[in-house]
Amino acid sequence: MAESRQSPLRPLGGAGRLHRLRRAVRRCGSPLRALRVLPGPRRTPFTFWYLVVLLGTALYARFGDPESVRAAVAGSSSDGWHLLHTPLRVLALSALWVAGPLWSPYLVAFTATLAPLERRIGPLRTAQVFAIGHVIATLISELPIALGVLAGLLAPGELHRIDVGVSYGVLTCLGAVAGLLPRRLRVAVPLGAAAVLVHQVFTGDDPVTAVGHPVSLLVGLVCWPWVRRWAAARVPERGPGGATRCPELSPAGPARS
């Protein structure tokens, strides 16, 4: 009886993909490193602690005494009346509240905008970009309301319209971080955001945000030269052993001209 020879088993069709996946994991480190895109107290302290503050005010607004909550929100409103009397106080306090009952959407928004920007330009400059957008958009959006009241076109009560939230700063950081994306995304992200804001202008009923949101996005786009210069001046982040971190896990890779 002739001796039979067994041919070696061939890998299944998916084995090649599995091998490539394992090789990518070894190159980039543990898959848990993907969680690094989330804000953290060490790598993105401004984003992380800002979210903690917003979580605190959101919980207070949800479970606190309704009368005290209404008084606190009204006292923090950056409306026309407060901007005329206590501008610095309300410009700061108005950015400590979330608009609406949910905090989780702000975790997503901060992870997609502030966190990648902070990883590239640092916490202080990220706070600077956020604050510039928040202040400029607030002033420009409230100015037409004040002028309308002075001209008799709007009722005096419009000067007391509640205006709190962080959307102006978030949109400014979105516009700013777009300048660090590859070329196609650098154009697509602002255009997509602008399309959403145009739809909001024609379907919404808030004249303040109809002006403030486009202005804040535009402020972020104007910040591109400074943001790109700050990002280029920072030393690339190094992983264990001195290797550069895996680019696939970097939310905002190096800008490509």
Side-chain angles (χ1 to χ4, degrees), residues 34-39 44 46-48 50-51 54 95 97-122 125-141 144 163-232 246-257:
L35 296 176
R36 295 178 68 186
V37 300
L38 294 175
T44 54
F46 174 70
T47 305
F48 178 82
Y50 204 154
L51 281 170
L54 292 178
W97 301 88
V98 299
L102 297 178
W103 173 83
S104 54
Y106 294 90
L107 173 61
V108 177
F110 275 49
T111 300
T113 57
L114 273 74
L117 183 64
E118 185 173 0
R119 280 190 286 268
R120 295 301 304 278
I121 68 174
R125 284 168 173 164
T126 301
Q128 179 181 344
V129 172
F130 184 97
I132 289 174
H134 174 72
V135 171
I136 291 179
T138 298
L139 295 178
I140 292 181
S141 62
D163 186 13
V164 297
V166 296
S167 59
Y168 294 163
V170 170
L171 282 170
T172 300
C173 290
L174 173 63
V177 79
L180 302 175
L181 297 175
R183 182 181 300 174
R184 292 182 180 179
L185 290 177
R186 198 183 308 165
V187 176
V189 169
L191 287 180
V196 173
L197 296 181
V198 169
H199 179 266
Q200 180 191 54
V201 169
F202 289 102
T203 59
D205 57 355
D206 187 356
V208 176
T209 56
V211 175
H213 285 166
V215 168
S216 56
L217 179 63
L218 181 60
V219 171
L221 300 181
V222 171
C223 290
W224 276 14
W226 295 278
V227 168
R228 291 168 67 85
R229 190 180 307 122
W230 294 336
C246 176
E248 289 83 1
L249 301 183
S250 178
R256 300 173 189 170
S257 300

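A quick note: this is a predicted structure, and the numbers were derived from the prediction, not measured.
Atom SG of residue C223 and atom CG of residue L218 lie 9.5 Å apart, to the nearest 0.5 angstrom. How far CD of Q200 is from CG of D205: 10.0 Å, rounded to the nearest 0.5 Å. Separating the OH atom in Y50 from the OH atom in Y106 is a distance of 10.5 Å, to the nearest 0.5 Å. Rounded to the nearest 0.5 Å, atoms CG (L107) and OG1 (T47) are 11.0 Å apart. Expressed to the nearest 0.5 Å, how far CZ of F48 lies from CD of E118 amounts to 11.5 Å. For the atom pair CZ (R119) and OG1 (T126), the distance works out to 10.0 Å, reported to the nearest 0.5 Å.
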Derivation of the side chain to side chain contact (heavy atoms under 4.5 Å, CB included) call for F130 and V166: CA-CA 9 Å; F130 184 97; V166 296; 4.0 Å; yes

Intermediate values then yes/no, side chain to side chain contact (heavy atoms under 4.5 Å, CB included), V211 and I140: CA-CA 8 Å; V211 175; I140 292 181; 4.2 Å; yes

Test log, rule side chain to side chain contact (heavy atoms under 4.5 Å, CB included), inputs W103 and L51: CA-CA 9 Å; W103 173 83; L51 281 170; 4.0 Å; yes

V227 vs L117, side chain to side chain contact (heavy atoms under 4.5 Å, CB included): CA-CA, chis, key distance, verdict: CA-CA 9 Å; V227 168; L117 183 64; 3.9 Å; yes

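Among all heavy-atom pairs drawn from A115 and P39, the shortest one is CB-CG, 4.2 Å. Annotation for P190 and L185: closest pair CD-O, 3.9 Å, computed over non-hydrogen atoms. A pairwise comparison of heavy atoms in V129 and C173 identifies CG1-SG, 4.4 Å as the closest pair. Residues H213 and S167 share a closest heavy-atom pair of NE2-OG, 2.9 Å. Nearest heavy atoms, T113 versus A109: OG1-O, 2.6 Å. Of all heavy-atom pairs spanning A194 and L217, the tightest one is N-CD2, 4.0 Å.
Between H134 and Y168, the angle of the ring planes lies from 30° to 60°, which puts this pair in the tilted group.
Looking at W226 and I121, their side chains never come closer than 4.5 Å, going by heavy atoms from C-beta outward. You'll find the side chain of F110 reaches within 4.5 Å of the side chain of L54, heavy atoms only. Contact annotation: the side chain of I132 approaches that of V219 to within less than 4.5 Å [non-hydrogen atoms, C-beta and beyond]. In this structure, L197 and L171 have side chains that are in contact, with non-hydrogen atoms separated by less than 4.5 Å.
Between the side chain of T111 and the backbone N or O of L38 there is no donor-acceptor pair closer than 3.5 Å. With W97 contributing its side chain and D163 its backbone, the two residues share no donor-acceptor pair below 3.5 Å.
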